[in-house]
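Below: the structure, in structure tokens.
Count residues from 1 along the sequence. Because only heavy atoms are used, hydrogens play no part in the values below, and waters and symmetry mates are left out as well, while side chains stay in.
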Amino acid sequence: MEYTHLGSSGLTVSRICLGTMNFGWKTDEAESHTIMDRALAEGVNFFDTANVYGFDAGKGRTEEVLGSWFAQGGERREKTVLATKVYGGMSDWPNDTFLSARNIIRACEGSLRRMGTDWIDLYQFHHVDLETPWDEIWQACETLVAQGKVLYVGSSNHAAWQIVEGNAVAARRNFTGLVSEQSHYNLLTRHVELEVLPAAQHSGVGILPWSPLAGGLLAGVLEKSGGTRRSEDRQQKRVEQHRPALEAWEALCRELGHAPADVGLAWLLHQPAVTAPIVGPRTMEQLEGGLRALEIELDDATLTRLDEIFPGYRPAPMEYAW
């Protein structure tokens, strides 16, 4: 396993982050525990979840599955860098959503209870809240840090200016601020290259890409389906929208001798702003694919070919100005 620091912090995390979004509803509890045991045995020490995960099985269910896994002992909790999130509504009642100081504090208590732990290593804002001032957000986080319930704070789905503004306000309060940002980033979705990635690098914020395989489109979707129509209309429309690029992509992966999913993750690992892509397996096989990506080296010629298949962006304003 390879390790790095989370942003400019001193926290050491694995280059692959285990996303647990499927646990407790798409993947049953026993299999979820087996996958987490395997990940930890392979050196993956960075696990990501959110208070709203569980979906069909009920919000909070995924955190409960993590809690039952930690309860088995064996230093599972001590070895794990645990990340969860706050923002999404846990009920329809007012103040159970967004980033008010009240919800941040109460949501944290709920996550701690469901996971049976005394602390959260990385507490993340699942989305931006434009209605709550940063001073209020940081007031709540300072309280949690002072109580030892939260160690580091990160964001998700934030624009570059929001990351910079948040950290500027934190600095005025002599608070550490954001150490990470979870962004939608993969070969097909590269908008964050315009401003989020440069801002993150400038601010010492580590990038944690979510949906690293574009919802399965970069996982060999054409080869798996034999070129036939997918059962889901929405997925089929996405395939047809990107078919020429996907055909070139899968041909290149065959030439490289690696599975498309593994190459997609390896490409993210070659991006300088990225700390760790979030791999959200439903099965053990998918976890093993994520681990294989660490062994793939992409040379400059291959990276150039990938940019030709999936064009990205130069940092703003060079992308659109003289």
Side-chain angles (χ1 to χ4, degrees), residues 2 4 7 15-17 19 156-161 163 180-225 227 235 237-280 289-322:
E2 298 176 12
T4 188
R15 291 299 315 274
I16 292 292
C17 178
S156 181
N157 304 305
H158 280 51
W161 72 268
I163 295 169
S180 64
E181 156 64 19
Q182 278 197 33
S183 287
H184 190 192
Y185 188 29
N186 54 59
L187 276 163
L188 273 169
T189 306
R190 300 178 60 171
H191 304 88
V192 293
E193 293 173 347
L194 283 165
E195 299 198 17
V196 172
L197 300 194
Q201 286 183 282
H202 177 77
S203 304
V205 172
I207 295 292
L208 309 174
W210 62 265
S211 193
L213 300 178
L217 288 188
L218 297 172
V221 65
L222 298 181
E223 185 175 296
K224 290 178 181 178
S225 64
Q235 180 76 338
K237 289 178 181 177
R238 296 178 68 213
V239 169
E240 295 306 323
Q241 178 185 358
H242 300 288
R243 180 173 288 275
L246 293 175
E247 289 174 347
W249 157 248
E250 294 189 18
L252 174 58
C253 292
R254 286 192 295 271
E255 181 182 327
L256 294 173
H258 298 295
D262 302 349
V263 179
L265 291 173
W267 177 81
L268 282 169
L269 289 165
H270 280 71
Q271 305 312 304
V274 170
T275 295
I278 300 170
V279 178
L291 296 172
R292 286 194 299 270
L294 292 164
E295 303 170 2
I296 298 176
E297 289 292 333
L298 303 176
D299 59 26
D300 290 342
T302 300
L303 292 171
T304 297
R305 290 178 66 184
L306 289 172
D307 284 337
E308 292 170 351
I309 296 171
F310 302 109
Y313 301 93
R314 292 179 297 166
M318 283 72 79
E319 175 65 26
Y320 48 76
W322 54 270

Completion exercise
In this structure, CG of L188 is separated from CD1 of I309 (nearest 0.5 Å) by 10.5 Å
Handout entry: Heavy-atom closest pair, residues P212 and L218
Key = O-CD1, 3.9 Å
Problem - E308: salt bridge (charged side-chain N to carboxylate O under 4.0 Å, His left out) partners, not counting sequence neighbours - result: none
Handout entry: Set of side-chain contact (heavy atoms from CB on, under 4.5 Å) partners for H202, sequence neighbours left out
Key = none
Fill in the blank from the handout: Smallest heavy-atom separation, N186 atom then T189 atom, equals OD1-N, 2.7 Å
Handout entry: E240/R243 salt bridge by N-O under 4.0 Å criterion
Key = yes
Problem - Residues E193 and R314 bridged, charged N to O under 4.0 Å - result: no
Problem - Check: E181 side chain, A200 main-chain N or O, donor-acceptor pair, under 3.5 Å - result: no
Handout entry: Nearest non-hydrogen partners of P277 and P209, listed with the distance
Key = CA-CD, 3.6 Å
Problem - P315: partners by side-chain contact (heavy atoms from CB on, under 4.5 Å), with sequence neighbours left out - result: P198, M318
Exercise for the section: Using modelled atom types only, decide if a donor and an acceptor are shared between the side chain of S156 and the backbone of Q182 within a distance under 3.5 Å. Expected result: yes
Completion exercise
Here the gap from S183 atom OG to L208 atom CG, rounded to the nearest 0.5 Å, amounts to 8.5 Å
Handout entry: Spacing of W210 atom CH2 and H184 atom NE2 [to the nearest 0.5 Å]
Key = 4.5 Å
Exercise for the section: Say whether, by atom type as modelled, one donor and one acceptor occur between the side chain of T302 and the main chain of L298 under 3.5 angstrom. Expected result: no
Handout entry: D300: side-chain hydrogen bond (donor to acceptor under 3.5 Å, both in side chains) partners, not counting sequence neighbours
Key = none
Problem - Closest heavy-atom pair and its distance - A245, F310 - result: CB-CE2, 3.8 Å
Problem - Side-chain H-bond candidate by donor/acceptor type, Q235 with R238, under 3.5 Å - result: yes
Completion exercise
In short, side-chain hydrogen bond (donor to acceptor under 3.5 Å, both in side chains) pairs touching residues 257-274 with sequence neighbours left out are D262-R292
Exercise for the section: Answer yes if the side chains of D307 and T304 hold a donor-acceptor pair under 3.5 Å, and no otherwise. Expected result: no
Exercise for the section: Starting at CG of L265, measure out to CG of L213 and round the result to the nearest 0.5 Å. Expected result: 4.5 Å
Problem - Flag, side chain of E250 to backbone of E223, donor-acceptor distance under 3.5 Å - result: yes
Handout entry: Minimum heavy-atom distance E2-L294, with the two atoms named
Key = OE2-O, 3.6 Å
Practice task
Kindly compute the distance separating CD (E247) from NE2 (H242), expressed to the nearest 0.5 Å.
Solution key: 13.5 Å
Handout entry: All side-chain contact (heavy atoms from CB on, under 4.5 Å) counterparts of E255, not counting sequence neighbours
Key = L252, R305
Exercise for the section: Find the distance between CG (L306) and CG (L256) and round it off to the nearest 0.5 Å. Expected result: 7.5 Å
